[in-house]
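Only a predicted model underlies this, so the values are computations on that prediction, with no experimental measurement involved.
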Amino acid sequence: VVSTQSTGEAECGDGTNFVMILAGSLLEKAIDLLECGLSPSEVIKGYEMAGEKCLEILETLVCHTVRDVKNKEAVIPVVKTAVGSKQDGYEDFLAELISDACSKIMPTQRTFNVDHVRTCKILGSGVLSSRVYKAWSSNVTSRATSPQ
């Protein structure tokens with residue numbers, strides 16, 4: 001269960017409560033199936049078949065697709081859905097900020113790395129004071145040489 005939760009966190013960055021509840025329910029049903037006389041290998045095979053069917057069905061349930069991830073206006077509705085569950089009332093404002101930040105650093109050839117976006121709290125400020133700044137930093141240090 002912990003492995004499943006960690007995978008959900010790594011893949012989506014969220015949804016860990018859902019993953020834990022789903023995994024717990026699957027384990028609970030597995031116990032019922034074992035008590036009915038099915039072997040563990042039959043339960044595993046059934047869950048694998050169900051997983052394949054779920055992936056097949058999921059493809060038909062897509063309600064919105066973002067074709068250009070650098071297009072801020074196309075990304076906002078997707079981000080708003082995710083933010084709305086965490087920041088009720090601020091989803092419009094935050095979705096625009098997040099989409100702006102992500103579209104600015106989105107590489108053209110590689111996948112998105114969430115570590116490229118940083119947040120910083122400023123004491124005394126509120127959510128609506130938030131801003132996006134494009135910055136660059138480097139770990140390169142220079143060595144000073146003394147003149148001879």
> Is L33 reachable from L22 through a run of hydrophobic residues whose side-chain heavy atoms are each under 4.5 Å from the next?
Replying inline: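 Linked within one cluster.
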>> For residues I76 and V83: do they belong to one hydrophobic cluster (side chain heavy atoms under 4.5 Å, members Ile, Leu, Val, Met, Phe, Trp, Tyr)?
In response: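 No.
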Where do [X] and [Y] come nearest, in terms of heavy atoms and distance?
X: E42; Y: L38; result: OE1-CA, 3.3 Å
X: L97; Y: S130; result: CD1-CB, 3.4 Å
X: A74; Y: V66; result: O-CG2, 3.5 Å

> Does a side-chain heavy-atom distance below 4.5 Å link L128 with F93?
Replying inline: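 When only atoms from C-beta onward are counted, F93 and L128 do touch, with a gap below 4.5 Å.
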> Do the side chains of R67 and T65 get nearer than 4.5 Å, heavy atoms only?
Replying inline: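 In contact.
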> How would you list, by chain and number, every residue that makes a salt bridge (charged side-chain N to carboxylate O under 4.0 Å, His left out) with E91, sequence neighbours excluded?
Replying inline: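 Once residues adjacent in sequence are excluded, E91 has no partner under the salt bridge (charged side-chain N to carboxylate O under 4.0 Å, His left out) criterion.
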>> Taking salt bridge (charged side-chain N to carboxylate O under 4.0 Å, His left out) as the definition, give me every residue that meets it alongside E73, ordered by chain and number, with sequence neighbours left out.
In response: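 So E73 forms no salt bridge (charged side-chain N to carboxylate O under 4.0 Å, His left out) with any residue.
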>> Under a 3.5 Å distance rule, please check whether T60 uses its side chain to pair with a backbone N or O of I57 as donor and acceptor.
In response: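 Pair found, side chain donor or acceptor close to backbone of I57.
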Tell me, please, which residues at least two apart from [X] pass side chain to side chain donor-acceptor pair (under 3.5 Å).
X: K80; result: D92
X: D68; result: none
X: S41; result: S39

>> Would you compute the distance between atom CG of L27 and atom CG of L34 and round it to the nearest 0.5 angstrom?
In response: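 Taking CG in L27 and CG in L34, the distance rounds to 10.5 Å.
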> Can you tell me how far the CD atom of E96 sits from the CG atom of D100, to the nearest 0.5 Å?
Replying inline: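 Reported value, rounded in 0.5 Å steps: 7.5 Å.
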>> So for atom CG, which belongs to L123, do other residues, nucleotides or ligands contribute more than 12 heavy atoms lying within a distance under 6.0 Å?
In response: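 At most 12 heavy atoms, drawn from other residues, nucleotides or ligands, come within 6.0 Å of this atom.
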What pairs of donor and acceptor atoms, side-chain ones from residues 45-55 against any protein atom, are under 3.5 angstrom apart with sequence neighbours left out?
unit_1 : atom_1 : unit_2 : atom_2 : d
Y47    : OH     : L26    : O      : 2.5
Y47    : OH     : A30    : N      : 3.3
K53    : NZ     : E56    : OE2    : 3.1

